[in-house]
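These notes concern the structure reproduced below.
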Amino acid sequence: MQKFHRILQIILLVYFAGLLLFFISFDTMGGLVGIAEVTSDSVVKILLTGLVLFLISWLVGKGVKSSLQSKVKKMENEMNALKAKIYDFEHPKGQEKPKTESTPKPSDSESSNLPPRQNFTE
């Protein structure tokens, strides 16, 4: 689908670039194509054709974008599921948490018996 979108964009570019060149050199190329003068009907047909090409390219681009977004969403969901499995393997539910021994805090009387810290700064 992406290749088709790129091809449509190239076709649209070539179409409008060709029209630009055609209208710039209309004096010489108009007789070769068989158009003696530019009428409003011919310009409207040319522009409507360009509009249709543009709309088709735009719609295909929207489809490509939504397709890529759904793929990214799917990959993110798979990645989150894998992360959850890894977490479950590392932290099983049946395992007891190791108990940490708490060290008793020194009381005020014990801290007053300690000598003051010496600061050896110059």
Side-chain angles (χ1 to χ4, degrees):
M1 189 82 162
Q2 269 184 319
K3 288 184 180 183
F4 182 63
H5 182 245
R6 287 182 183 164
I7 290 170
L8 277 175
Q9 285 180 332
I10 291 171
I11 290 172
L12 187 66
L13 176 70
V14 168
Y15 179 78
F16 279 112
L19 281 178
L20 181 66
L21 291 174
F22 175 75
F23 283 120
I24 287 174
S25 61
F26 180 74
D27 292 335
T28 57
M29 293 184 76
L32 296 174
V33 180
I35 301 175
E37 64 181 39
V38 179
T39 61
S40 61
D41 290 339
S42 61
V43 172
V44 168
K45 289 177 186 177
I46 290 169
L47 290 178
L48 283 178
T49 304
L51 178 67
V52 168
L53 284 174
F54 173 76
L55 289 176
I56 291 171
S57 177
W58 180 71
L59 288 173
V60 170
K62 282 288 202 183
V64 168
K65 183 179 176 182
S66 68
S67 171
L68 290 176
Q69 284 177 341
S70 67
K71 284 182 183 179
V72 167
K73 191 82 147 170
K74 182 180 174 184
M75 288 178 158
E76 285 177 350
N77 289 338
E78 289 175 1
M79 187 175 63
N80 288 338
L82 289 174
K83 283 181 182 178
K85 285 182 182 179
I86 290 172
Y87 181 83
D88 289 343
F89 283 135
E90 291 176 351
H91 303 83
K93 290 180 182 178
Q95 181 184 13
E96 285 187 29
K97 293 182 181 178
K99 293 182 180 178
T100 58
E101 294 184 24
S102 62
T103 57
K105 294 183 180 179
S107 65
D108 291 334
S109 62
E110 288 177 4
S111 63
S112 63
N113 294 337
L114 296 175
R117 295 173 97 189
Q118 293 181 356
N119 191 0
F120 294 106
T121 58
E122 294 180 354

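All values reported here derive from a predicted model rather than from experimental measurement. FYI, the numbering just counts along the sequence from 1.
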[atom1] of [X] to [atom2] of [Y]: how many Å apart, nearest 0.5 Å?
| X | Y | atom1 | atom2 | value |
| --- | --- | --- | --- | --- |
| Leu19 | Leu47 | CG | CG | 7.5 Å |
| Ile7 | Ser57 | CD1 | OG | 11.5 Å |
| Ser40 | Lys45 | OG | NZ | 10.0 Å |
| Ile86 | His91 | CD1 | NE2 | 12.0 Å |
| Phe16 | Ile46 | CZ | CD1 | 10.0 Å |

- Message: What verdict does the side-chain contact (heavy atoms from CB on, under 4.5 Å) test give for Tyr15 and Thr49, after you've listed the backbone C-alpha separation in whole Å, the side-chain angles of each residue and the deciding distance to 0.1 Å?
- Response: CA-CA 9 Å; Tyr15 179 78; Thr49 304; 3.3 Å; yes
- Query: Are more than 12 heavy atoms from other residues, nucleotides or ligands located less than 6.0 Å from atom CE of Met79?
  - Reply: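 Yes - once you tally the heavy atoms of other residues, nucleotides and ligands closer than 6.0 Å, there are more than 12.
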- Within the distance-only criterion (no hydrogens, no angle test), does the side chain of His5 pair as donor or acceptor with the backbone N or O of Met1 below 3.5 angstrom?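 Side chain of His5 to backbone of Met1: no pair is present.
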- Message: Whether the side chain of Ser67 engages the backbone of Gly63 through a donor-acceptor N/O pair (distance < 3.5 Å, no angle test) should be reported.
- Response: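 Between the backbone of Gly63 and the side chain of Ser67 there is no qualifying donor-acceptor contact (under 3.5 Å).
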- So Phe22 and Phe26, would you call those rings parallel, tilted or perpendicular, with 30° and 60° as cut-offs?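 Rings of Phe22 and Phe26: perpendicular, over 60°.
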- Can you name the residues that form a side-chain contact (heavy atoms from CB on, under 4.5 Å) with Leu82, not counting sequence neighbours?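 For Leu82, no residue satisfies side-chain contact (heavy atoms from CB on, under 4.5 Å) once neighbours in sequence are set aside.
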- Query: In terms of hydrophobic clusters joined by side-chain contacts under 4.5 Å, are Leu55 and Val64 together?
  - Reply: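 No; tracing contacts between hydrophobic side chains, which count when under 4.5 Å, never links both residues.
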